[in-house]
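Reviewing the structure listed below.
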Amino acid sequence: MKRKVLAMMLIGAMAASMAACGSSSETAESSAAASAAAEETEAASEAAEETEAAESEVEAIKAKGELVVGITDFEPMDYKDADGNWIGFDADLANAFGESLGVTVTFQEIDWDNKILELDGGVIDCVWNGMTLTDEVKSAMETTEAYLNNSQIVVVKADVADQYQDVESLKDLNFAVEAGSAGEEEAVNNELNYTGVQNQAAALMEIASGTADAAIIDSLMAAAMVGEGTSYEDLTYTVALSDEEYGVGCRKGSDLAAALNDFFQASAEDGTMDQIAETYGVQAALIK
């Protein structure tokens, strides 16, 4: 709009100057030329504005009526209920965000190791699955501000847990870790023996079946799935290897990350985020 106003002012000044110096016919010709130039300028400005709007990923998502969210099976962030619907802290929050945009949310299960390729290839609109804000993630994606605290912890069978209370004691164990995850990064950093598996749930299954001695998973998942009253009562967690934060990843340069930050702030202020967090027992990990 500023470009249109400036262009009209310049054209008006040129027309006035030519009118003062030339004949009436020259003035008429100049006025016609100025009018044509003004129309061209306005058309170009409108085209530029349409291009700018088209480049807005938020507007594109609204136009198609769907937000595609990349996830893995990761309780309590994203997992299926008895009816096969995706639920969890991240899933519920994503649905609330979709509602704020007036669009439907579709959850697309992805190979976590290929999350950047899936995002850049347009298969998904964002990665929203308890994603640790590593340097690699932040360099490859447009990320939101952090919204949850987390850590990478070691899970072993409860009957041998007392033998594995520090990093040095872990050196002879065979670990299962989610490929491409922060858990795999910690296995590398601490020079541990490991095998990459599809997701963190699979890593726990490897311990339960005896094909791995231990796993490195997110502390929030461990709290929900390991120990008394859970699916893995005979497992427990011991050593914490790192402290980290979760964020949502969008395509580089996308305005979707900024829209998500605004949503996070609004949902924190109106209590929506706290309510969802309490449903899944992660309220202590919220970043205010």
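Keep in mind that the numbers below use all heavy atoms, side chains included, and drop hydrogens, waters and symmetry copies.
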Would S151 and S219 count as having a side-chain donor-acceptor pair, cut-off 3.5 Å?
yes

Answer yes or no: are there more than 12 heavy-atom neighbours, outside D270 itself, under 6.0 Å from its atom CG?
yes

K252 vs D120, salt bridge (charged side-chain N to carboxylate O under 4.0 Å, His left out): CA-CA, chis, key distance, verdict
CA-CA 8 Å; K252 205 67 176 175; D120 290 344; over 6 Å; no

If you round to the nearest 0.5 Å, how far is CD1 of I153 from CD1 of I216?
10.5 Å

Separation between CG (L101) and CD (E59), nearest 0.5 Å, reads 9.0 Å

Using the rule that Ile, Leu, Val, Met, Phe, Trp and Tyr join whenever any side-chain heavy atoms are under 4.5 Å apart, tell me whether V167 and V156 fall into a single cluster.
yes

Do the side-chain N and O atoms of T72 and N199 include a donor-acceptor pair separated by under 3.5 angstrom?
no

Classify the ring geometry of F264 against Y147: parallel below 30°, tilted from 30° to 60°, perpendicular beyond 60°.
tilted

Under a 3.5 Å distance rule, please check whether T279 uses its side chain to pair with a backbone N or O of Q275 as donor and acceptor.
yes

Side-chain donor-acceptor pair under 3.5 Å between D274 and Q283, yes or no?
no

Is there a side chain to side chain contact (heavy atoms under 4.5 Å, CB included) between M131 and V248 once you walk through the steps?
CA-CA 7 Å; M131 182 175 67; V248 180; 5.8 Å; no

Between P76 and Y79, what is the shortest heavy-atom contact and its length?
CA-CE2, 3.8 Å

Within the side chain of D218, is there an N or O that forms a donor-acceptor pair under 3.5 Å with the backbone of L220?
no

Under 30°, 30 to 60°, or over 60°: which ring-plane class applies to Y246 and F74, parallel, tilted or perpendicular?
perpendicular

Same apolar cluster (I L V M F W Y, side chains within < 4.5 Å links), M77/L133
no

Using a strict threshold of under 4.0 Å (side-chain N to carboxylate O), is an ion pair present between E57 and R251?
yes

Between the main-chain N or O of V68 and the side-chain N or O of D125, is there a donor-acceptor pair closer than 3.5 Å?
yes

Any chance you could lay out the side chain to side chain contact (heavy atoms under 4.5 Å, CB included) test for Y164 and V239, step after step, and finish with the verdict?
CA-CA 8 Å; Y164 306 107; V239 183; 5.6 Å; no

Can you see whether Q198 engages E178 through a side-chain donor-acceptor pair at a distance of less than 3.5 angstrom?
no

Could you check whether any side-chain heavy atom of F263 comes within less than 4.5 Å of a side-chain heavy atom of L93, counting everything from C-beta outward?
yes

Atom pair CZ (F175) and CG (N190), whose distance is rounded to the nearest 0.5 Å:
8.5 Å

Nearest heavy-atom contact between G70 and N129 is O-CB, 4.0 Å

Does any N or O in the side chain of T230 come within less than 3.5 Å of the main-chain N or O of M225, such that one atom is a donor and the other an acceptor?
yes

Hydrogens and angles aside, do E245 and N150 bring a side-chain donor and acceptor to less than 3.5 Å of each other?
no

Criterion side chain to side chain contact (heavy atoms under 4.5 Å, CB included) on F89 and D78, from CA distance to verdict:
CA-CA 7 Å; F89 177 71; D78 296 296; over 6 Å; no

Answer yes if the side chains of D90 and Y280 hold a donor-acceptor pair under 3.5 Å, and no otherwise.
no

Answer whether the closest heavy-atom distance between the side chains of V188 and E186 falls below 4.5 Å.
no

Evaluate the side chain to side chain contact (heavy atoms under 4.5 Å, CB included) criterion for residues T143 and V137: first the C-alpha distance (whole Å), next the side-chain angles of each, then the deciding distance (0.1 Å), finally the verdict.
CA-CA 8 Å; T143 59; V137 163; 3.8 Å; yes

Heavy-atom pair with the smallest gap, counting every atom of A257 and C250
N-SG, 3.7 Å

Approximate separation, where rounding is to 0.5 Å, of L173 CG and D213 CG:
5.0 Å

Any donor-acceptor pair under 3.5 Å linking the side chain of K80 with the backbone of D73?
no

Counting heavy atoms not belonging to E99, are there more than 12 under 6.0 Å from its CD?
no

Taking atom types as modelled, find out whether S209 and T211 have a side-chain donor-acceptor pair closer than 3.5 angstrom.
yes

Give, for atom CD of Q152 and atom CD of E185, the distance between the pair rounded to the nearest 0.5 Å.
9.0 Å

To the nearest 0.5 angstrom, please state how far the CD atom of Q163 sits from the CG atom of L170.
11.5 Å

What are the two closest non-hydrogen atoms of V177 and G183, and how far apart are they?
CG1-O, 4.0 Å

Under a 3.5 Å distance rule, please check whether D255 uses its side chain to pair with a backbone N or O of V58 as donor and acceptor.
yes

Quick check against the 3.5 Å criterion: does S139 have a side-chain atom that pairs as donor or acceptor with the backbone of D135?
yes

Within the 4.5 Å heavy-atom criterion, are L204 and V155 side-chain neighbours or not?
yes

With distance as the sole test, does D81 use its side chain to make a donor-acceptor pair with the main-chain N or O of G84 at under 3.5 Å?
yes

Under a 4.0 Å N-O cut-off, is there an ion pair linking K171 with D166?
no

Below 4.5 Å, heavy atoms only, C-beta onward: do N149 and I287 meet side chain to side chain?
yes

For residues S254 and E142, report the shortest heavy-atom separation together with the two atoms involved.
O-CG, 3.6 Å

Hey, any chance V105 and L119 share a hydrophobic cluster, counting ILVMFWY side chains that come within less than 4.5 Å of each other, even indirectly?
no

Does some side-chain heavy atom of Y237 sit less than 4.5 Å from a side-chain heavy atom of V154?
no

Compute whether any side-chain donor of one residue and acceptor of the other, for T238 and Q165, lie under 3.5 angstrom apart.
no

Hey, any chance L256 and W128 share a hydrophobic cluster, counting ILVMFWY side chains that come within less than 4.5 Å of each other, even indirectly?
yes

Please confirm whether the backbone N or O of I124 pairs with a side-chain atom of E118, one donor and one acceptor, at under 3.5 Å?
no

I'd like to know if the side chain of T144 reaches the main chain of G247, judged simply by a donor and an acceptor atom lying under 3.5 Å from each other, with no hydrogens or angles considered.
no

W86 with V282, same ILVMFWY side-chain cluster at under 4.5 Å
yes

To check you understand the geometry: which heavy-atom pair defines the closest contact between A214 and I207, and what is its length?
C-CD1, 3.6 Å

Verify side chain to side chain donor-acceptor pair (under 3.5 Å) between T104 and E66, making sure each step is shown before the conclusion.
CA-CA 5 Å; T104 300; E66 180 186 38; over 6 Å; no

Taking the side chain as everything from C-beta on, heavy atoms only, tell me whether V69 gets closer than 4.5 Å to L67.
yes

Going by atom types alone, do T132 and E244 pair a side-chain donor with an acceptor below 3.5 Å?
yes

